[in-house]
Amino acid sequence: MLKIEALPAFTDNYIWLLQDDATQRCAAVDPGDAAPVLAWLQSHPQWQLSDILVTHHHHDHVGGVERLKAQTGARVYGPATEKIPARDEALDDGQCIRILGADLQVIAVPGHTLGHIAYFHADTEQPWLLSGDTLFAAGCGRLFEGTAGQMFESLRRLASVPDDTLVYCTHEYTQSNLRFAQAVEPDNADILQRAREVAVLRESNQISLPTTMRTERLTNPFLRTGVAAVRQAARRHGGTDPVGESDVFAALRAWKDRF
C-alpha cells in the first residue's frame with residue numbers, strides 16, 4: 001500500500017504526497033506551490049517525483065506544476081476539460097490510470113469547477129479517495145462554476161464508495177465545517193463527538209485528515225440531505241419547502257455561503 005503524507009501549503013492547503021517505498025518514487029497531488037514538494041525531495045535525495053495529479057484548475061492547486069515538472073520531469077495528469085499547465089495526460093470520467101503501481105479510477109465531479117475530477121483507488125484492504133475541493137471533511141466545495149444540482153450528484157457519486165474509504169481532501173476546513181454541521185443538526189451526537197476530537201487535534205497543531213466515508217455519512221450535512229432534521233433545518237433557513245434532496249442540498253449550500 002502507498003504511504004500518503006500531507007505537505008502543508010499556503011494557509012490551509014494540503015499537497016498530498018503518494019509514496020512507494022519499493023521504488024522510492026512519489027506523486028504529488030494538487031501542488032499549488034512547488035516549494036513544499038521540492039523541500040521534501042531535497043530532504044529525501046534518493047526519491048524521485050514521477051507523477052503529478054491535478055483535480056481542477058484553481059491556482060492554489062496548479063501553481064507549482066510547471067516548476068515541479070521542469071525540475072523533476074514528472075508526468076502531469078489532469079481533467080481534460082480544464083486548462084491545466086504542463087498537462088501530459090488529459091483525463092475523462094471513467095478512465096483508469098496506474099500511478100506508482102496503484103490503479104486509480106477517474107470520477108467526474110462537476111460543481112466546484114465544471115471539469116473537476118476525483119481519483120479513487122478501490123483497494124480491497126484499504127480504499128482511498130483524492131477528492132480535491134469537492135468533498136471536504138464535514139463539508140463540500142463552493143459552487144464557483146457548476147450548479148447545486150451538479151454538485152449534489154457529484155457528492156452522491158463519491159458517497160457510493162465503501163464506508164472504510166479514506167478521504168483525502170485538500171484544505172483544513174474541518175473545524176469551521178463542523179460548526180456549520182452543528183448548526184444544521186444540533187442534536188447529532190456524532191457531530192458533537194467529532195467536533196471535540198478535531199478540536200483536540202487542532203489545538204496541538206495536528207492535521208484533521210484523512211476522514212472516512214463512514215464518518216462523512218454520519219456528520220457531513222451535505223451527505224445527509226435525506227435526514228428529516230437536515231431537511232427541516234434547510235426549510236427554516238432557505239425560506240421555502242425543499243421538494244427533493246437536491247433542493248435540500250441547494251438550501252444548505254446557500255446557507256453555508258453566508259454562515
Side-chain angles (χ1 to χ4, degrees), residues 2-19 26-40 52-65 109 111-113 116-120 128-144 151 154-155 158-159 165-184 188 190-223 252-253 255-259:
L2 299 181
K3 178 184 177 182
I4 304 180
E5 180 180 349
L7 302 182
F10 307 119
T11 303
D12 50 35
N13 282 65
Y14 291 125
I15 300 167
W16 296 109
L17 193 69
L18 314 181
Q19 302 164 38
C26 57
V29 182
D30 285 343
D33 183 2
V37 181
L38 292 173
W40 189 93
I52 296 171
L53 302 177
V54 175
T55 62
H56 66 290
H57 67 84
H58 285 164
H59 184 72
D60 64 324
H61 292 251
V62 302
V65 169
V109 284
H112 182 67
T113 66
H116 200 302
I117 59 175
Y119 300 89
F120 176 59
W128 43 267
L129 173 72
L130 303 169
S131 61
D133 282 1
T134 297
L135 175 64
F136 289 133
C140 73
R142 287 180 177 268
L143 305 178
F144 286 116
M151 180 65 100
S154 293
L155 291 174
L158 295 184
T165 301
L166 295 175
V167 180
Y168 295 89
C169 57
T170 47
H171 288 278
E172 184 60 72
Y173 290 164
T174 313
Q175 272 192 304
S176 60
N177 285 341
L178 284 169
R179 284 193 288 271
F180 177 70
Q182 286 181 285
V184 176
N188 184 321
D190 293 309
I191 293 175
L192 180 60
Q193 178 62 26
R194 188 181 186 189
R196 290 170 176 162
E197 293 170 354
V198 170
V200 171
L201 289 172
R202 299 306 294 152
E203 283 168 9
S204 58
N205 202 33
Q206 295 184 61
I207 184 173
S208 68
L209 301 168
T211 178
T212 68
M213 194 57 73
R214 178 185 294 109
T215 299
E216 293 313 304
R217 291 196 185 98
L218 292 171
T219 60
N220 189 326
F222 297 105
L223 299 186
L252 290 175
R253 185 61 259 182
W255 178 13
K256 179 65 163 61
D257 288 344
R258 58 180 187 272
F259 184 73

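All residue numbers refer to positions in the sequence shown, counting from 1.
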For the residue pair [X] and [Y], what are the closest heavy atoms and their distance?
X    : Y    : answer
F259 : A183 : CE1-CB, 3.7 Å
A28  : V37  : CB-CG2, 4.3 Å
P36  : D33  : CD-O, 3.3 Å
P221 : L252 : O-CD1, 3.6 Å

Donor-acceptor contact below 3.5 Å, side chain [X] vs main chain [Y]:
X    : Y    : answer
D60  : N13  : no
W16  : C169 : yes
D30  : T55  : yes
R142 : R253 : no
Y119 : V54  : yes
Q19  : I4   : no
T113 : H116 : yes
N188 : L218 : yes

All side chain to side chain contact (heavy atoms under 4.5 Å, CB included) counterparts of T219, not counting sequence neighbours: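 Listed in chain order: D190, I191, R194, T215.
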Going by side chain to side chain contact (heavy atoms under 4.5 Å, CB included), name the residues that satisfy it together with Q206, two or more places apart in sequence or in a different chain. L201, S204
Side-chain touch H56/H112, heavy atoms, less than 4.5 angstrom: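 Yes, side chains in contact.
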State, yes or no, whether a side-chain contact exists between L53 and L18 at a heavy-atom distance under 4.5 Å. yes
Between [atom1] of [X] and [atom2] of [Y], what distance do you get to the nearest 0.5 Å?
X    : Y    : atom1 : atom2 : result
L2   : W128 : CG    : CH2   : 5.5 Å
L158 : T165 : CG    : OG1   : 10.0 Å
T212 : L129 : OG1   : CG    : 11.5 Å
L130 : L135 : CG    : CG    : 12.0 Å
M213 : S131 : CE    : OG    : 7.5 Å

Output every pair passing salt bridge (Lys or Arg N to Asp or Glu O under 4.0 Å) with a member in residues 195-206, not counting sequence neighbours, ordered by first then second residue.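 Every salt bridge (Lys or Arg N to Asp or Glu O under 4.0 Å) pair that includes a residue of residues 195-206, provided the two are not neighbours, is E172-R202.
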If a pair satisfies salt bridge (Lys or Arg N to Asp or Glu O under 4.0 Å) and one of its residues is in residues 5-16, list it, with sequence neighbours excluded. none
For the pair L155 and N220, evaluate side chain to side chain contact (heavy atoms under 4.5 Å, CB included) and give the outcome as yes or no after the intermediate values. CA-CA 11 Å; L155 291 174; N220 189 326; over 6 Å; no
Does the pair M151 and F222 meet the rule for a side chain to side chain contact (heavy atoms under 4.5 Å, CB included), with working shown? CA-CA 10 Å; M151 180 65 100; F222 297 105; over 6 Å; no
Test ring-ring contact (aromatic ring centres under 6.0 Å, His included) on H61 and H171 and set out the steps. CA-CA 11 Å; H61 292 251; H171 288 278; 5.7 Å; yes
Test side chain to side chain contact (heavy atoms under 4.5 Å, CB included) on W255 and F180; report intermediate values, then the result. CA-CA 9 Å; W255 178 13; F180 177 70; 3.5 Å; yes
Partners passing ring-ring contact (aromatic ring centres under 6.0 Å, His included) against F120 (at least two apart in sequence or in another chain): none
Just grab all the side chain to side chain donor-acceptor pair (under 3.5 Å) pairs involving residues 175-184, residues at least two apart or on different chains. N177-K256
